[in-house]
Amino acid sequence: MIDPKLLRSDANGVATNLARRGFSFDADAYLALEEKRKSLQVETESLQSERNKSAKSIGQAKAKGEDIEPLLAAVNDLGARLEDTESALQSVQTELRDIELGLPNLLADDVPDGNSEDDNLEVRRWGEPKAFAFAPKDHIELGEALGGLDFDAAAKVSGARFAVMQGGLARLQRALIQFMLDTHTSEHGYRETYVPYLVHAHALEGTGQLPKFEEDLFKTTTERPFYLIPTAEVPLTNLGRDRIFDVGELPLRLTAHTPCFRSEAGSHGQDTRGMIRQHQFEKVELVHLVAPDQSEAALEAMTGHAETILQRLELPYRVVALCTGDIGFGASKTYDLEVWLPGQQKYREISSCSNCNDFQARRMKGRVRNADTGKPELLHTLNGSGVAAGRALIAVLENYQQEDGSIRVPDVLKPYMGGIDTIA
RNA sequence: GGAGAGAUGGCUGAGUGGUCGAAAGCGCUCCCCUGCUAAGGGAGUAUACGUUAAUAGCGUAUCGAGGGUUCGAAUCCCUCUCUCUCCGCCA
């Protein structure tokens, strides 16, 4: 959520910023509603004040044994008037909140302008795409030939956009996950965390998936519905919900491995083949909860942590700054890591690291006591993939393939693979 | 799933319709006293919103959440959530 005070004081400035995303915010309509809210609130509160005063004097009169009938008569119509303004105020406030919950985050100044992912700005590259002495295959061909990747079997059980993995490939994904968790916890200062995979709506509202993107989520049909998490960002970030941290407790660096569930509504036809885009995939997530002045540095650090994984795996990648047209709803600034996939001869997203500054914290009331003033202020949240395990598996398959279709095991994964150096 | 008990400020815990944002204790902060530690005395110590130049005042809301009764609700009623105890079931 954008600071309502800022919306009031500089609605046009907000509109200009959001326009960079191609989002149109009707500042005048908002301000008109806001004026209405203000007068209703002032009126409501003065009526409440009047009511409280009368109630108090009635209490005092009664204690002294005086006749309270005249006093009761005097407040006779107060209740009805209060009820009217209170309900009017509430409906205006609901309207305002609906608007506010629908507004994306303000963009950082240095987010490059652009309309689509083609306009993202390359920040740096690491590694050289390997030159193969043969025509490299894609992960689908490799996996099916190895017998460990089966989309037909998955289709029988669950339909399209699911995969069954077995044997060496299944173990390789587990190895990747273990390696990532171990690296982040032992070298990057993250706390390993186990979280629920089913969450309530309010958690998703906190991180920004709701109310706007419900169609992207899977939802249970229980009386009080749960949603399947689309990313561990949701339960991890919400650990800061309704809390006031002491400044010494931050920064909090959290990591969790979870499956992620996405309906992929609206992505028909995209990446339908293979494991790139699935309803269910594994991911190691990184989340930072930090004091407000720390988030810019934290974004660079977090991106570096995800890069470390790719570097240790010796996977060529590039870092791009997402442009105004491609950046996510809750992010003020995002770096994507794109790994080289020889099967596609393309860089493909494998991690996305975002600074959400106070956007999520405001929604979930996550605060930190200011070191100087002692006053609570909104903390800043960041999230990033460290990295997507399913896609990392694809990257390893394609980059480590040999001419006979076998897969060399990356050195850093060997300890997790029982020492074997090839999957054949 | 069955039966019962509970949810109050950083913590413990009082408060069953009126002057209660809330006793008391602990903790914490500041001051005083005290030749350093200990003990003692005093003051302060929630959050959000509104109004405002103001993190000054003043007002409003908040005692798990939401609704209701009432001139007035932490206190009474309803629904929900969570916690605990016992039974059942179970990885």
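Just so it is clear: chains get the letters A, B, ... in the order the sequence lines come, proteins before strands, and each one is counted from 1.
Partners of A/Q402 according to the side-chain hydrogen bond (donor to acceptor under 3.5 Å, both in side chains) rule, which considers only residues two or more places apart in sequence or in another chain, are A/S406. Applying the salt bridge (Lys or Arg N to Asp or Glu O under 4.0 Å) criterion to A/E83, with sequence neighbours excluded, gives no partner residue. In this structure A/A163 satisfies the side chain to side chain contact (heavy atoms under 4.5 Å, CB included) test together with A/L149, A/F151, A/M275, A/Q278, sequence neighbours excluded. Annotation: salt bridge (Lys or Arg N to Asp or Glu O under 4.0 Å) contacts of A/R20 (sequence neighbours excluded): A/D113.
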Which pairs would a plain distance check flag for residues 410-424 of chain A, meaning a side-chain donor or acceptor within less than 3.5 Å of a matching protein atom at least two apart in sequence or in another chain?
from: A/D411; atom 1: OD1; to: A/K414; atom 2: NZ; distance (Å): 3.0
from: A/Y416; atom 1: OH; to: A/D182; atom 2: OD2; distance (Å): 2.6

Distance-only donor-acceptor hits, side chain of residues 22-31 of chain A, under 3.5 Å, sequence neighbours excluded:
from: A/D26; atom 1: OD1; to: A/D28; atom 2: N; distance (Å): 3.4
from: A/D26; atom 1: OD1; to: A/A29; atom 2: N; distance (Å): 3.1
from: A/Y30; atom 1: OH; to: A/E100; atom 2: OE2; distance (Å): 2.6

Pairs of donor and acceptor atoms involving the side chains of residues 241-248 of chain A, under 3.5 Å and at least two apart or interchain, shall be tabulated with distances.
from: A/R241; atom 1: NE; to: A/N238; atom 2: OD1; distance (Å): 3.0
from: A/R241; atom 1: NH2; to: A/H202; atom 2: O; distance (Å): 2.7
from: A/R241; atom 1: NH2; to: A/N238; atom 2: OD1; distance (Å): 3.2
from: A/R243; atom 1: NH2; to: A/E249; atom 2: OE1; distance (Å): 3.2

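B/U8 and B/G21 are spaced 11 Å apart, taking the C1' atom of each and rounding to whole Å. Nucleotides B/A23 and B/C87, compared at atom P, are 41 Å apart to the nearest Å. B/U12 and B/G88: their P atoms are spaced 32 Å apart (whole Å). Rounded to whole Å, the C1' atom of B/G15 lies 23 Å from the corresponding atom of B/G68. Nucleotides B/U45 and B/A22 place their P atoms 10 Å apart, quoted to the nearest Å. B/A48 sits 41 Å from B/G2 when the P atoms are compared, rounded to a whole Å. Look at the P atom in both B/C77 and B/G25: the space between them is 32 Å, to the nearest Å. Between B/C26 and B/C89, the distance separating the two C1' atoms is 43 Å to the nearest Å.
If you take CZ of A/R97 and P of B/C49, they are 12 Å apart, rounded to a whole angstrom. Taking atom NZ of A/K56 as the reference point, atom P of B/G18 lies 14 Å away to the nearest angstrom. Distance A/L72 CG to B/C71 P: 7 Å, rounded to the nearest Å. Following rounding to the nearest Å, A/E83 (CD) and B/G72 (P) show an atom-to-atom distance of 10 Å. At whole-Å resolution of the value, CD in A/Q60 and C1' in B/C20 are 14 Å apart. B/C71 atom P lies 16 Å from atom CG of A/L47, rounded to whole Å. If you take CG of A/L378 and P of B/U55, they are 16 Å apart, rounded to a whole angstrom. With rounding to whole Å, A/I58 atom CD1 is found 10 Å from B/G18 atom C1'.
With salt bridges taken as basic N to acidic carboxylate O contacts below 4.0 Å, none links A/E86 and A/R81.
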Exercise for review: Summarise how protein sits on nucleotides 57-68 of chain B as a single string, 5' to 3': B when a protein heavy atom is under 4.0 Å from the base, S for sugar-phosphate-only contact, - for no contact.
Suggested key: --BSS-----S-

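Below the 3.5 angstrom threshold, one finds a donor paired with an acceptor across the side chain of A/K62 and the base of B/G18.
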**Study point:** CA sep, side-chain torsions, deciding dist, call: A/T303, A/E307, side chain to side chain contact (heavy atoms under 4.5 Å, CB included)
**Key:** CA-CA 6 Å; A/T303 307; A/E307 285 181 67; 3.6 Å; yes

Practice item. Before giving the answer on salt bridge (charged side-chain N to carboxylate O under 4.0 Å, His left out), spell out for A/R277 and A/E264 the whole-Å C-alpha distance, their side-chain angles and the decisive distance to 0.1 Å. Key: CA-CA 8 Å; A/R277 192 178 298 275; A/E264 294 299 342; 3.4 Å; yes

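Two rings, from A/F226 and A/H200, have their centers less than 6.0 Å apart. Ring centroid separation for the pair A/Y190 and A/H305 comes in under the 6.0 Å cut-off. Within the 6.0 Å centre-distance limit, the rings of A/F329 and A/F359 are counted as a close aromatic pair.
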**Study point:** Base-pairing string, 5' to 3', of RNA chain B - Watson-Crick or wobble, under 3.5 Å, | interstrand
**Key:** ((((((((.[[[..)..(.....]]]((((((.......))))))((((((.....)))))).[[[[[..)....]]]]])))))))....

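For the pair A/G59 and A/K5, both in contact range of RNA chain B, the more 5′-proximal nearest nucleotide belongs to A/G59. Comparing A/V42 and A/A55 against RNA chain B, the residue whose closest nucleotide sits nearer the 5' end is A/A55.
Within 4.0 Å (heavy atoms only), A/K38 reaches sugar-phosphate atoms of the nucleic acid but no base atom.
Interface residues of residues 200-209 of chain A facing RNA chain B, ordered by number: none; criterion, heavy-atom separation under 4.0 Å.
Residue pairs that meet the side-chain hydrogen bond (donor to acceptor under 3.5 Å, both in side chains) test with at least one member in residues 322-339 of chain A, sequence neighbours left out, are A/D110-A/K333, A/N120-A/D326, A/E300-A/Y335, A/R318-A/E338, A/S332-A/N357, A/K333-A/Y335, A/T334-A/S354, A/D336-A/S352.
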Polar pairs (N or O, both sides) under 3.5 Å between protein and nucleotides 43-48 of chain B?
from: B/U47; atom 1: OP1; to: A/R369; atom 2: NH1; distance (Å): 3.4
from: B/U47; atom 1: O3'; to: A/R367; atom 2: NH1; distance (Å): 2.8
from: B/U47; atom 1: O2'; to: A/R367; atom 2: NH1; distance (Å): 3.4
from: B/A48; atom 1: OP1; to: A/R367; atom 2: NH1; distance (Å): 3.3

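Using modelled atom types and a 3.5 Å distance limit, the side chains of A/R97 and A/Q93 yield no donor-acceptor pair.
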